[in-house]
Amino acid sequence: MIWLLAAEVNNGGYNQSYFNSSRKFYTHLPNALKLIGADKFADLTKQANMIFEKRNHETISQSDDGDPLNKLDDEFFELYKTEDLQQMQAAYIRKHKAAFIDK
C-alpha cells in the first residue's frame with residue numbers, strides 16, 4: 001500500500017491515488033505509515049483523506065490550481081527529501097522478519 005501511494009503521488013499527486021484503484025487502500029494508509037514510523041507522511045495522508053471525504057469521494061483535475069491536495073503533494077515531495085519511504089519500509093521489514101517469512 002505504501003509503495004503504491006508513493007508511486008501514485010509521484011506520478012499524479014494525491015488526486016491520482018484517489019482516482020485509480022489504489023483508492024481502496026486510502027483508509028488504511030495512515031495506520032500503515034505510522035506502523036513503519038512515517039508519522040509525518042501519515043499526517044499528510046490523513047489530511048488528504050479528509051479532503052477526499054469532504055468531496056464525497058470525488059476526484060478533480062490535478063491542474064486545478066485551487067485544489068488543496070496540490071499543496072499536500074508539494075509537502076509530500078519536500079518530506080521525501082528527508083524521509084525515504086522505501087528505506088523506512090525496508091527497515092521495518094528487517095526488524096520484523098518473522099512476520100514476512102513463511103516457514
Side-chain angles (χ1 to χ4, degrees):
M1 288 185 301
I2 294 169
W3 177 87
L4 190 55
L5 172 69
E8 295 285 21
V9 173
N10 281 312
N11 190 41
Y14 275 105
N15 264 315
Q16 180 170 310
S17 72
Y18 296 121
F19 180 77
N20 289 334
S21 62
S22 57
R23 87 168 140 211
K24 64 185 168 188
F25 302 119
Y26 90 94
T27 58
H28 303 289
L29 278 163
N31 289 335
L33 290 160
K34 282 188 178 286
L35 186 66
I36 66 163
D39 294 339
K40 293 176 185 174
F41 283 105
D43 292 341
L44 272 179
T45 301
K46 188 181 275 188
Q47 290 175 52
N49 287 353
M50 288 190 294
I51 292 167
F52 178 61
E53 289 172 352
K54 284 181 184 176
R55 293 180 179 162
N56 296 315
H57 298 194
E58 295 291 326
T59 57
I60 63 173
S61 171
Q62 183 186 9
S63 62
D64 182 347
D65 291 335
D67 183 3
L69 289 178
N70 292 345
K71 179 182 177 289
L72 297 179
D73 295 342
D74 293 341
E75 290 180 39
F76 185 97
F77 302 138
E78 283 301 311
L79 184 55
Y80 210 96
K81 292 177 182 177
T82 58
E83 296 187 22
D84 188 320
L85 282 175
Q86 288 181 341
Q87 289 179 359
M88 296 172 95
Q89 290 174 89
Y92 180 85
I93 292 167
R94 285 184 186 108
K95 187 174 181 180
H96 300 93
K97 288 180 203 174
F100 296 91
I101 298 172
D102 189 17
K103 294 181 181 183

Measure the spacing between CG of Asp43 and CG of Asp39 and express it to the nearest 0.5 Å. 6.5 Å
Non-hydrogen side-chain atoms of Asn20 and Leu4 separated by less than 4.5 Å: no
Quick one: list whatever passes ring pair (Phe, Tyr, Trp, His ring centres under 6.0 Å) with His96, sequence neighbours left out. Tyr92
Polar side-chain atom of Asp67 near backbone of Leu69 as donor-acceptor pair, under 3.5 Å: yes
What one should report as the nearest heavy-atom pair of Pro30 and Ala42 is O-CB, 3.4 Å
Same apolar cluster: Leu85 and Phe100, side chain cutoff 4.5 Å: yes
Going hydrophobic residue to hydrophobic residue with side-chain gaps under 4.5 angstrom, can you get from Phe19 over to Met1? no
Hphob cluster co-occupancy, Val9 + Phe25, side-chain heavy atoms under 4.5 angstrom: yes
Taking the side chain as everything from C-beta on, heavy atoms only, tell me whether Leu33 gets closer than 4.5 Å to Leu5. yes
Atom pair CD (Glu75) and CG (Leu44), whose distance is rounded to the nearest 0.5 Å: 5.0 Å
Output for pair (Asp84 CG, Gln89 CD), nearest 0.5 Å, gives 9.0 Å
Testing the basics here: between His28 and Lys24, what is the closest heavy-atom pair and its distance to 0.1 Å? CD2-O, 4.2 Å
Do Trp3 and Leu29 sit in one hydrophobic cluster, given that two such residues count as connected whenever their side-chain heavy atoms are within less than 4.5 Å of each other, even indirectly? yes
Approximate separation, where rounding is to 0.5 Å, of Glu8 CD and Phe76 CZ: 11.0 Å
Please say yes or no: joined through hydrophobic side-chain contacts below 4.5 Å, possibly via intermediate residues, are Met50 and Phe41 part of one cluster? no
Check this for me: Lys34, atom NZ, are more than 12 non-hydrogen atoms of other residues, nucleotides or ligands nearer than 6.0 Å? yes
Closest heavy-atom pair and its distance - Tyr14, Ala48: CD2-CB, 3.6 Å
Show the nearest heavy-atom pair for residues Ile51 and Pro68, with the distance to one decimal. CD1-CB, 3.8 Å
Please name all residues satisfying ring pair (Phe, Tyr, Trp, His ring centres under 6.0 Å) with Phe52, sequence neighbours left out, ordered by chain then number. Tyr18, Tyr26, His57
Examine distances only and state if a side-chain atom of Asn10 and a backbone atom of Ala6 form a donor-acceptor pair shorter than 3.5 Å. yes
Residues which pass side chain to side chain donor-acceptor pair (under 3.5 Å) with Ser17, listed by chain and number, not counting sequence neighbours: none
